[in-house]
Visitor: 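Have a look at this one.
Note that this is a predicted model, so its numbers are computed, not measured.
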Amino acid sequence: MNHNVFNSFSLVGNVAKVNEIKKQSNGTKFKYFTICQNTKYKDKNGEIHDEPNFFDIKVYEKQFKYFEKNLEIGKYINVIGKVKVYKDKKNKTILTLIGSDSRSLQTDNQEEIFDYDWLNETDNIEV
């Protein structure tokens with residue numbers, strides 16, 4: 001198995017929040033940002049729901065340069081990275097998304113950015 005793909009993620013959404021740079025106890029700098037994806041689905045009564053999903057992504061100092069131009073609130077981006085899972089001191093499982101690269105998906109037609117109907121054209125998901 002290709003280890004570059006193992007435990008990796010690719011998310012598409014709008015930047016919702018960008019936090020300040022912080023330091024870990026070992027001096028490593030990092031920051032978190034949040035992207036939002038809207039999921040449209042139709043319930044058993046035929047009503048369409050638009051449900052937001054928020055994902056916090058951690059970026060270390062070495063990757064800041066790959067994210068600088070894309071971390072504007074509202075900007076439509078694609079983020080790739082790896083998933084890190086570990087246990088904390090209380091034996092609680094923690095899942096962290098660590099970003100390694102991003103690219104802008106921004107277009108001149110802003111309506112197109114928020115039109116997710118093409119994602120659900122063939123889906124018949126009922127809740």
Side-chain angles (χ1 to χ4, degrees):
M1 172 176 274
N2 184 346
H3 290 284
N4 292 330
V5 178
F6 191 64
N7 286 345
S8 65
F9 72 89
S10 176
L11 292 171
V12 173
N14 295 89
V15 178
K17 182 179 180 182
V18 180
N19 292 332
E20 297 297 318
I21 296 173
K22 296 182 180 183
K23 273 189 181 179
Q24 294 181 165
S25 58
N26 66 2
T28 303
K29 293 181 182 178
F30 70 95
K31 73 164 60 177
Y32 276 99
F33 70 94
T34 304
I35 66 170
C36 177
Q37 293 179 331
N38 290 332
T39 302
K40 285 186 180 183
Y41 66 92
K42 193 182 292 188
D43 66 16
K44 61 184 175 186
N45 297 323
E47 293 181 43
I48 296 176
H49 297 272
D50 195 2
E51 181 178 293
N53 298 293
F54 295 92
F55 299 92
D56 293 326
I57 300 168
K58 186 175 189 176
V59 180
Y60 289 104
E61 185 175 19
K62 290 179 181 178
Q63 276 68 38
F64 285 174
K65 63 185 172 192
Y66 301 114
F67 287 86
E68 281 178 0
K69 62 188 177 289
N70 292 325
L71 291 185
E72 296 174 23
I73 293 179
K75 195 164 189 180
Y76 190 56
I77 66 172
N78 171 234
V79 179
I80 61 170
K82 66 180 181 177
V83 179
K84 182 177 180 182
V85 180
Y86 61 93
K87 300 272 186 180
D88 67 5
K89 294 176 183 176
K90 297 180 182 178
N91 207 26
K92 180 179 175 186
T93 301
I94 307 294
L95 184 138
T96 305
L97 301 176
I98 301 174
S100 59
D101 200 1
S102 70
R103 66 185 175 123
S104 175
L105 300 176
Q106 200 77 23
T107 65
D108 292 334
N109 181 0
Q110 293 297 325
E111 289 181 21
E112 182 180 321
I113 290 173
F114 298 102
D115 182 9
Y116 295 101
D117 287 340
W118 63 272
L119 291 172
N120 299 316
E121 284 179 356
T122 59
D123 294 346
N124 292 319
I125 300 172
E126 291 188 11
V127 178

Visitor: Could I get the full list of side-chain hydrogen bond (donor to acceptor under 3.5 Å, both in side chains) partners for S25, not counting sequence neighbours?
Guide: none
Visitor: Could you state whether L97 and L71 fall into the same hydrophobic cluster, counting links through intermediate Ile, Leu, Val, Met, Phe, Trp or Tyr residues with side-chain heavy atoms under 4.5 angstrom apart?
Guide: yes
Visitor: Work out which heavy atom in D50 is nearest to a heavy atom in K40; give both atom names and the distance.
Guide: OD1-CG, 3.9 Å
Visitor: Are the side chain of N26 and the backbone N or O of T28 linked by a donor-acceptor pair below 3.5 Å?
Guide: yes
Visitor: K87: which residues meet the side-chain hydrogen bond (donor to acceptor under 3.5 Å, both in side chains) condition with it, sequence neighbours left out?
Guide: T93
Visitor: Group every Ile, Leu, Val, Met, Phe, Trp and Tyr by side-chain heavy-atom contacts under 4.5 Å, then state whether L95 and V79 land in the same group.
Guide: yes
Visitor: Is it true that V15 and I21 fall in one hydrophobic cluster, defined by side-chain heavy atoms closer than 4.5 Å?
Guide: yes
Visitor: Say you draw a straight line from OG of S102 to CG of N70; how long is it, rounded to the nearest 0.5 Å?
Guide: 4.0 Å
Visitor: Count the heavy atoms of every other residue, nucleotide or ligand shown that sit under 6.0 Å from NZ of K75, and state whether that count exceeds 12.
Guide: yes
Visitor: Sequence neighbours left out, cut at 3.5 Å: what donor-acceptor pairs do the side chains of residues 55-64 make with other protein atoms?
Guide:
| residue | atom | partner | partner atom | Å |
| --- | --- | --- | --- | --- |
| D56 | OD1 | T34 | OG1 | 2.6 |
| K58 | NZ | Q24 | OE1 | 3.0 |
| K58 | NZ | Y60 | OH | 3.4 |

Visitor: Who else is in the cluster with I73 when I, L, V, M, F, W and Y are joined by side-chain contacts under 4.5 Å?
Guide: none
Visitor: side-chain contact (heavy atoms from CB on, under 4.5 Å) with I94: which residues, sequence neighbours excluded?
Guide: Y86, D88, K92, T96
Visitor: Looking at K69, I'd like to know if its NZ atom is crowded, meaning that more than 12 non-hydrogen atoms belonging to other residues, nucleotides or ligands lie closer than 6.0 Å.
Guide: yes
Visitor: Are I80 and V12 connected, step by step, through hydrophobic side chains (Ile, Leu, Val, Met, Phe, Trp, Tyr) whose heavy atoms are closer than 4.5 Å?
Guide: no
Visitor: Applying side-chain hydrogen bond (donor to acceptor under 3.5 Å, both in side chains), can you list everything that pairs with S104, at least two apart in sequence or on another chain?
Guide: none
Visitor: Checking N78 now: which residues fulfil side-chain hydrogen bond (donor to acceptor under 3.5 Å, both in side chains) with it, not counting sequence neighbours?
Guide: S10, R103
Visitor: Using the ring of each side chain (for Trp, its six-membered ring), is Y41 parallel, tilted or perpendicular to H49, with breaks at 30° and 60°?
Guide: parallel
Visitor: Could you see if L11 belongs to whatever hydrophobic cluster contains Y66? Use Ile, Leu, Val, Met, Phe, Trp, Tyr and a side-chain cutoff under 4.5 Å.
Guide: yes
Visitor: Tell me the closest heavy-atom pair linking S100 and G81, and the distance in Å.
Guide: OG-CA, 3.5 Å
Visitor: How long is the gap from CD1 on I77 to CZ on F33, to the nearest 0.5 Å?
Guide: 4.5 Å
Visitor: Holding to side-chain contact (heavy atoms from CB on, under 4.5 Å), I want the full list of residues that pass it with E68, two or more places apart in sequence or in another chain.
Guide: none
Visitor: Under 3.5 Å, side chain of N19 to main-chain N/O of K31, donor-acceptor pair present?
Guide: no
